[in-house]
Engineer: 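Quick one: the structure is below, and I'll ask about it shortly.
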Amino acid sequence: MQTIIEKLNENLKVVYRQSLDADKKLDELQQQGHGKFKALFTEDAGFTFEAKRFKPYVLDVAADVEALSKAEQIDEQKLAFVVKKLQHLLQLLATFK
């Protein structure tokens, strides 16, 4: 179980760094009059809120990983949900490179 949490935290560190860079790009695009969108992800991505920047989504996944780490046993359904959200973040961040 600890190995799974460690891997998730490693991926979160990568996503966090990439999200800071991507958010800067989004800020620049918005200042140029671009980036007229309501949210980065659609409802089917698994997030329960809408945001125009990556950082809130990263913090949401971090909270999920934190909850998983405090559980005595990992709920496989919750784990799959967290991995799905992390995967969505990684895929979208890859487009900002």
Side-chain angles (χ1 to χ4, degrees):
M1 177 171 117
Q2 192 60 29
T3 305
I4 294 170
I5 299 300
E6 287 172 10
K7 290 293 181 186
L8 288 171
N9 281 323
E10 286 173 21
N11 282 306
L12 272 172
K13 287 177 186 177
V14 170
V15 167
Y16 180 74
R17 284 187 219 107
Q18 291 178 358
S19 72
L20 294 177
D21 293 337
D23 283 348
K24 283 182 188 176
K25 279 188 181 179
L26 287 171
D27 288 339
E28 291 169 10
L29 287 170
Q30 191 171 19
Q31 287 175 354
Q32 296 170 5
H34 304 289
K36 301 197 186 293
F37 53 89
K38 187 175 174 185
L40 293 178
F41 295 100
T42 59
E43 289 181 22
D44 63 341
F47 296 97
T48 57
F49 60 90
E50 294 179 342
K52 292 183 177 185
R53 298 295 179 267
F54 283 96
K55 190 174 178 184
Y57 293 108
V58 174
L59 295 175
D60 182 59
V61 174
D64 291 344
V65 171
E66 175 85 15
L68 283 174
S69 71
K70 291 182 179 180
E72 292 199 17
Q73 261 192 326
I74 289 188
D75 180 335
E76 289 188 26
Q77 189 174 12
K78 286 181 182 177
L79 176 61
F81 190 63
V82 171
V83 170
K84 177 183 172 187
K85 291 191 324 186
L86 190 56
Q87 187 175 29
H88 284 298
L89 275 168
L90 286 166
Q91 287 173 342
L92 188 56
L93 283 166
T95 65
F96 280 85
K97 287 187 176 182

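Note that the structure is predicted; figures quoted are calculated from it, not measured. Computed from heavy atoms alone, side chains included, the values below leave out hydrogens, waters and symmetry copies.
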Engineer: Kindly compute the distance separating CZ (Phe49) from CZ (Phe41), expressed to the nearest 0.5 Å.
Structural biologist: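 Rounded to the nearest 0.5 Å, the CZ-CZ separation comes out at 9.0 Å.
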
Engineer: Applying side-chain contact (heavy atoms from CB on, under 4.5 Å), run through Leu89 and Phe47 and close with a yes or a no.
Structural biologist: CA-CA 11 Å; Leu89 275 168; Phe47 296 97; 4.2 Å; yes

Engineer: Atom NZ in Lys25, atom OG1 in Thr95: separation rounded to 0.5 Å?
Structural biologist: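 Rounded to the nearest 0.5 Å, the NZ-OG1 separation comes out at 9.0 Å.
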
Engineer: Between His88 and Leu92, is there a side-chain heavy-atom distance shorter than 4.5 Å?
Structural biologist: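 A side-chain contact under 4.5 Å is absent here.
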
Engineer: Is the shortest heavy-atom distance from the side chain of Leu93 to the side chain of Asp21 under 4.5 Å?
Structural biologist: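 Result no, sub-4.5 Å side-chain heavy-atom pair not found.
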
Engineer: Can you tell if the side chain of Val65 reaches within under 4.5 Å of the side chain of Leu86, non-hydrogen atoms only?
Structural biologist: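 Not touching, per the 4.5 Å side-chain cut-off.
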
Engineer: Applying the 4.5 Å side-chain criterion to the ILVMFWY set and letting contacts propagate, would Val14 and Val82 be lumped into a single cluster?
Structural biologist: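 No; Val82 is not reachable from Val14 via cluster members.
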
Engineer: Kindly indicate whether the side chain of Phe81, heavy atoms from C-beta on, has any atom under 4.5 Å from the side chain of Lys85.
Structural biologist: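 Phe81 reaches Lys85 side chain to side chain.
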
Engineer: Run the salt bridge (charged side-chain N to carboxylate O under 4.0 Å, His left out) check on Lys70 and Glu66 step by step: do they pass?
Structural biologist: CA-CA 6 Å; Lys70 291 182 179 180; Glu66 175 85 15; 3.3 Å; yes

Engineer: Would you indicate whether the side-chain heavy atoms of Val15 and Tyr57 approach each other to under 4.5 Å?
Structural biologist: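 Of all side-chain heavy-atom pairs linking Val15 with Tyr57, none is under 4.5 Å.
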
Engineer: Say you draw a straight line from CG of Asn11 to NZ of Lys13; how long is it, rounded to the nearest 0.5 Å?
Structural biologist: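 Rounded to the nearest 0.5 Å, the CG-NZ separation comes out at 11.0 Å.
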
Engineer: Which distance, rounded to the nearest 0.5 Å, do you find between the CG of Asp64 and the CG of Leu59?
Structural biologist: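 Those atoms lie 11.0 Å apart.
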
Engineer: Tell me the closest heavy-atom pair linking Glu50 and Ala39, and the distance in Å.
Structural biologist: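 Taking every non-hydrogen atom into account, CB-CB, 3.6 Å.
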
Engineer: Using a 3.5 Å distance criterion without hydrogens, assess whether the side chain of Asp23 forms a donor-acceptor pair with backbone atoms of Arg53.
Structural biologist: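 Side chain of Asp23 to backbone of Arg53, a donor-acceptor pair under 3.5 Å: no, none is there.
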
Engineer: Could you tell me which non-hydrogen atom of Lys52 sits nearest to which non-hydrogen atom of Lys38, and how far apart they are?
Structural biologist: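 Smallest heavy-atom distance, with atoms named: CG-O, 3.6 Å.
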
Engineer: In this structure, are over 12 heavy atoms from other groups packed under 6.0 Å from Gln91 atom CD?
Structural biologist: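 Atom CD in Gln91 is packed in, count exceeds 12.
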
Engineer: When rounded to the nearest 0.5 angstrom, what distance separates CD in Glu6 from CG in Asn9?
Structural biologist: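 Here the rounded value is 8.0 Å.
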
Engineer: Can you establish whether the number of heavy atoms outside Glu43 located under 6.0 Å from its atom CD is more than 12?
Structural biologist: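 At most 12 heavy atoms, drawn from other residues, nucleotides or ligands, come within 6.0 Å of this atom.
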
Engineer: Taking atom OH as the centre, does Tyr16 end up with more than 12 heavy-atom neighbours from other residues, nucleotides or ligands that are less than 6.0 angstrom away?
Structural biologist: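 Not more than 12 within 6.0 Å, no.
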
Engineer: Would a 4.5 Å heavy-atom cut-off, applied to side chains only, mark Lys78 and Leu68 as touching?
Structural biologist: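 The answer is yes, as the side chains (C-beta and beyond) meet within the 4.5 Å cut-off.
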
Engineer: Taking atom CG of Leu8 and atom OG of Ser69, what is their separation to the nearest 0.5 Å?
Structural biologist: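 Answer rounded to 0.5 Å: 9.5 Å.
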
